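Please read all numbers here as calculations on a predicted model, not as lab measurements. One-based numbering, in listed order, for ligands and for the atoms of each. Hydrogens, waters and symmetry mates are skipped; everything else that's a heavy atom, side chains included, is used.
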Amino acid sequence: MRVITTVKEMQSEVIKQKGQGKSVGFVPTMGFLHEGHLSLIKKARKENDLVVLSIFVNPLQFGPNEDFATYPRDFERDRALAECEGVDFLFHPSVEEMYSNPSSVTLVVQARTDVLCGKSRPGHFDGVATVLTKLFHIVQPTRAYFGKKDAQQVAVVEGLITDLNFPVELVPVDIVREADGLAKSSRNVNLLPEDRQKAVVLHKSLLQAKKLIGEGERKPDALISLIKEMITSESSGRIDYVEILSYPELLPLERIEGKFIIALAVHFTNVRLIDNFILEMD
Ligand code: PAF
């Protein structure tokens, strides 16, 4: 595995490899790798000749009061994990390498951002779309792998690839969970022990909503109330949102039908957690 820190070297390496007819699987991350990331790398490894992993904590997608400074980082550990998983190139640029200061061009995402995380994190998806546009130009992937835990991100990336005509296949990969159901996240390490224990209610409440849908419940509001009640009675988490929307359009639903997402975000003492189920009615 080769670690590359400059845009020029990454671009020229990938151009050389693609010139030899090789397919490139790309896994963009902000590091502090966990099993969720490793499942993306494994899938990319299976489906492509080359695997490029990027580790870049992107300042553009953090709001002024968000956790950019405390976002967990451990490059040496990440490097060892990436090597074990058979990554060919680990792209690890500095902020100065990625952005001129001030930037003369950034992107604004026009749709799918006024709901879910986009509502409480204004500008977040503009930052994600800007960095991914740069990374897609630098890495020129055949396929790009994203975890379904960030389901709104997957929906936004779908729009980015379609609208800006990137010749990239988007590959969404299933959520990886802890044994008790909590979705794996780099931020889980910052949970206090009691919050970690209680956070299991997020997955439990999604399962309960799914069960009720199976039993015939079709009213989004009833399901949302049930999830909120479970979270508030079984934890001290402060709910940011619980929403049910069509997927991937992310539009409001009068009634449960078609493909839809049940998504939630909850603040614990030090950490805001998200989780979701994407379901489809016959
Ligand atoms: O999901 C993430 O880790 C980030 O949003 C991404 C896609 C690497 C862009 O910075």
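Salt bridge annotation for Lys198-Glu234: absent, with no cationic side-chain nitrogen under 4.0 angstrom from a carboxylate oxygen.
The heavy atom nearest to atom 7 (C) of ligand 1, out of those in Lys134, Gln61, Lys149, Gln153, is found in Gln153.
The only member of Glu169, Glu47, Lys43 that meets side chain to side chain donor-acceptor pair (under 3.5 Å) when paired with Tyr145 is Glu47.
Numbered from 1 in the order shown, with element, the atoms of ligand 1 that lie under 4.0 Å from a heavy atom of Thr29 read 8 (C). Atoms of ligand 1 found under 4.0 Å from any heavy atom of Val131 (numbered from 1 in listed order, with element): 9 (C), 10 (O).
Of the protein's heavy atoms, Met30 CG, 3.6 Å lies nearest to atom 3 (O) of ligand 1.
A distance of 6.0 Å or more separates the ring centres of Phe56 and His92. No close placement of the Tyr247 and Phe260 rings is indicated, their centers lying 6.0 Å or farther apart.
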